Every structure is written in structure tokens, then in C-alpha cells.
Amino acid sequence: MLASHADRERAVDVLRAGFAEGRLEKDEFDRRVSRVYAARTVGELALVVADLPQGPAPHPGPVAAVPQVFLATPRPAQNGRAVGSMVCGLLCLLTAGLTGIPAVVLGHTARAEIRRTGEDGDGLALTGLVLGWLSVGGWALFWLLLIAVDVLD
């Protein structure tokens, strides 16, 4: 593959780092730089810098450890049943309450799992529970009124 200008500059950067670290003498550095600029392929560039590390060598020194206080704490995973409970609860409005019972069942199981595993999503489960119980209560009231009207007639 033909070498680009950027490939040549990277190779010269490797040579500069090697010269700065004392891995190359001045005349060796100059000779290799001229070979880099005369190279036509990436393979020729690789041969010029093959015996050098690909960049400055790391300097051993004190590693600044970040105190645990400043590290980000990983967030617990969101409970899938809690999300399902909220979705079913919201769908109660669109399905005339048909998804109320699944919202209640999913909400109760999600809250139990959340207490056991420490996952996130208690608010979602609670939202699904409230909307589901409102739907179930609405249907119960509807059927009681329908029965009462039928009995009175």
C-alpha cells in the first residue's frame, strides 16, 4: 500500500521519540528521517521504525489514584417487569382498562423483585400498580352499577 503524508509524519514522530529517549544517535536519526521521506510504501516505513517502540516509553512514577468518593457508582439495572407494569398501566387508557390486571400483576411481582435484588424501577412499578388498580376498580364499579340498574328495573 502506498504511504501517505500522514503515514510518513507518524513514522517521523516515532523516530523523534526514539531520538529524545536516547535510542538513536543524531546521524542515525537524520539518516532514518531521510529514508522515511523517500519511502513509497507503508512496508518501507515499517522497516525504518521496526526496532523502535511505537511512541514514547512510559515513565514509571507515582500513579495518582482517584479516591473512591469521586468514582462514578454504577447504576442498578432497571427491572423489566416494572417497565412492563407501567406500560400496561398507561395502555389502560387506550384499551379501556383491559391491560389493568396485567399491570397489577406485573407491578406486584416487580416490587417484590426490586426489594430482593436492589434493581431500579420502583416508581415505574408503583405507577403501573396505581393505574392498573384504578382500571380494575373502574371496571368493578361499572359492573356493580350495571347489576344495580338491572336489579332495579
Side-chain angles (χ1 to χ4, degrees), residues 1-24 32 36 39 41-153:
M1 181 182 341
L2 292 177
S4 69
H5 295 297
D7 294 331
R8 288 184 186 90
E9 290 305 315
R10 280 192 291 275
V12 169
D13 287 341
V14 170
L15 290 173
R16 282 189 191 123
F19 178 68
E21 293 173 352
R23 298 177 191 276
L24 297 173
R32 287 188 186 207
V36 163
T41 65
V42 176
E44 291 173 26
L45 291 176
L47 289 175
V48 174
V49 296
D51 61 336
L52 295 173
Q54 301 298 309
H59 295 288
V63 178
V66 178
Q68 187 68 26
V69 175
F70 297 115
L71 294 177
T73 57
R75 292 189 55 178
Q78 194 81 310
N79 186 286
R81 287 192 171 111
V83 174
S85 173
M86 189 193 70
V87 168
C88 287
L90 290 174
L91 286 176
C92 285
L93 305 170
L94 299 174
T95 62
L98 295 177
T99 56
I101 292 175
V104 169
V105 170
L106 287 172
H108 283 297
T109 57
R111 291 195 76 200
E113 277 183 13
I114 288 169
R115 280 192 297 274
R116 189 178 73 248
T117 63
E119 290 176 309
D120 247 357
D122 192 50
L124 298 175
L126 192 59
T127 302
L129 274 172
V130 168
L131 292 173
W133 278 118
L134 285 174
S135 170
V136 169
W139 273 106
L141 183 64
F142 171 76
W143 285 107
L144 284 174
L145 288 175
L146 192 65
I147 291 171
V149 167
D150 191 41
V151 168
L152 292 175
D153 281 342

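All heavy atoms count here, side chains included; hydrogens, waters and symmetry mates do not. Computed from a prediction, not measured in an experiment: that's the story for all the values here.
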Handout entry: A82 versus G121, closest heavy-atom pair with distance
Key =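 Result for this residue pair: CB-O, 3.2 Å.
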
Practice task
Identify the two heavy atoms, one from L24 and one from L52, that lie closest to each other, and give their separation to 0.1 Å.
Solution key: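 So the two residues come closest at CD1-CD1, 3.9 Å.
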
Handout entry: Donor-acceptor under 3.5 Å (S85 side chain, A103 main chain)
Key =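 Side chain of S85 to backbone of A103: a pair is present.
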
Handout entry: Side chain R8, main chain A39, donor-acceptor under 3.5 Å
Key = yes

Say you draw a straight line from [atom1] of [X] to [atom2] of [Y]; how long is it, rounded to the nearest 0.5 Å?
X   : Y   : atom1 : atom2 : result
D13 : R10 : CG    : CZ    : 9.0 Å
L98 : C88 : CG    : SG    : 11.0 Å
L2  : E44 : CG    : CD    : 9.5 Å

Please tabulate, for the side chains in residues 125-152, all donor-acceptor contacts under 3.5 angstrom to protein atoms that are two or more places apart in sequence or on a different chain.
residue	atom	partner	partner atom	Å
T127	OG1	G123	O	2.8
S135	OG	G97	O	3.0
W139	NE1	A96	O	2.8

Enumerate, atom names and distances included, each donor-acceptor pair closer than 3.5 Å involving a side-chain atom of residues 109-116, sequence neighbours excluded.
residue	atom	partner	partner atom	Å
T109	OG1	V105	O	3.1
T109	OG1	L106	O	3.0
R111	NE	D122	OD1	2.8
E113	OE1	N79	ND2	3.0
E113	OE2	R81	NH1	2.0

Problem - Side chains of T99 and V87 in contact at under 4.5 Å (non-hydrogen atoms) - result: no

Handout entry: Validation row: L124, Q78 side chains within 4.5 angstrom (heavy atoms)
Key =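 Sidechains of Q78 and L124: in contact.
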
Handout entry: Qualifying residue for side chain to side chain contact (heavy atoms under 4.5 Å, CB included) with R32, from V49, V14, L15
Key =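 Only match with R32 under side chain to side chain contact (heavy atoms under 4.5 Å, CB included): L15.
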
